[in-house]
Amino acid sequence: AVHLPWSHVSAADAAHVTLANALLVGAIAAVLVAMSLVLQYGLSRMPANRAIVILLFELVVAAFAAWLLASETMRAQDWIGGALIVAATLVSELKSKAGKKPGSDPGLTPV
């Protein structure tokens, strides 16, 4: 609706396409809302360092998908940023494994 004044499509054509695809648009909206709720539920139950890595890795996946599926061009800074995100994932995992002692339970604190 906001773009319509600058579009070459008439308002009647836009309304027809919108109504014809209303079920599809509604289904996509419902899936996106459900996915967001599940993501927020899951992220709120994990450590912050792991949650932020998952959220940042989403950018790497999106950039790779755009390159693969839409023939987007990746600049050097895109590759470097993706490599830094992957490196942060590896460092975070290595630090969490190094901090755990065999047989220790992170949920129990000594008194």
Side-chain angles (χ1 to χ4, degrees):
V2 173
H3 177 68
L4 199 55
W6 296 277
S7 176
H8 65 278
V9 177
S10 70
D13 289 340
H16 175 69
V17 170
T18 302
L19 292 175
N21 296 312
L23 185 61
L24 177 63
V25 171
I28 291 172
V31 168
L32 288 174
V33 168
M35 183 183 65
S36 295
L37 292 174
V38 168
L39 179 70
Q40 291 301 319
Y41 179 82
L43 289 177
S44 67
R45 283 156 179 72
M46 66 175 34
N49 63 336
R50 183 157 297 170
I52 194 64
V53 167
I54 289 172
L55 289 174
L56 286 174
F57 194 70
E58 182 181 3
L59 297 172
V60 175
V61 172
F64 182 73
W67 174 70
L68 187 67
L69 300 173
S71 300
E72 290 286 330
T73 55
M74 298 281 286
R75 299 171 295 180
Q77 66 188 23
D78 299 329
W79 288 105
I80 292 169
L84 288 173
I85 291 171
V86 171
T89 304
L90 296 174
V91 169
S92 175
E93 186 63 26
L94 291 174
K95 286 181 87 173
S96 70
K97 284 186 178 182
K100 291 181 184 176
K101 296 176 186 166
S104 68
D105 185 0
L108 301 176
T109 55
V111 231

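In what follows, residues are counted from 1 in the order of the sequence shown. Here the structure is a predicted model, which means the values were calculated and not measured.
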Are any non-hydrogen side-chain atoms of Ile28 and Leu24 less than 4.5 angstrom apart? yes
If I compare all heavy atoms of Thr73 with all of Asp78, which pair ends up nearest, and what's the gap? O-OD2, 4.2 Å
For Ile85 and Leu56, work out which heavy atoms get closest and say how close. CD1-O, 3.7 Å
Backbone N/O of Val9 and side chain of Asp13: donor-acceptor pair under 3.5 Å: no
Do you know the tightest heavy-atom contact between Glu72 and Trp67? O-CD1, 3.1 Å
Is Val60 linked to Ile52 within one hydrophobic cluster, defined over Ile, Leu, Val, Met, Phe, Trp and Tyr using a side-chain heavy-atom separation of less than 4.5 Å? yes
What one should report as the nearest heavy-atom pair of Pro5 and Val2 is CD-O, 3.3 Å
How many angstroms lie between CD1 in Ile80 and CZ in Arg75, if you round to the nearest 0.5 Å? 11.0 Å
When you group the ILVMFWY residues by side-chain heavy-atom contacts below 4.5 Å and let the links chain together, are Val91 and Val53 in the same group? no
Least distance between heavy atoms, Val86 atom then Phe57 atom: CG2-CE1, 3.9 Å
Taking a hydrophobic cluster as the set of Ile, Leu, Val, Met, Phe, Trp and Tyr residues connected by side-chain heavy atoms closer than 4.5 Å, whether directly or through intermediates, do Leu55 and Met46 fall within one such cluster? yes
Do Val25 and Thr18 make a side-chain contact, defined as non-hydrogen atoms from C-beta onward lying under 4.5 Å apart? no
Are there more than 12 heavy atoms of other residues, nucleotides or ligands under 6.0 Å from atom CG of Leu23? no
Shared ILVMFWY cluster between Leu43 and Leu37, side chains joined below 4.5 angstrom? no
Could you tell me if the side chain of Ile54 sits less than 4.5 Å from the side chain of Arg50, heavy atoms only? yes
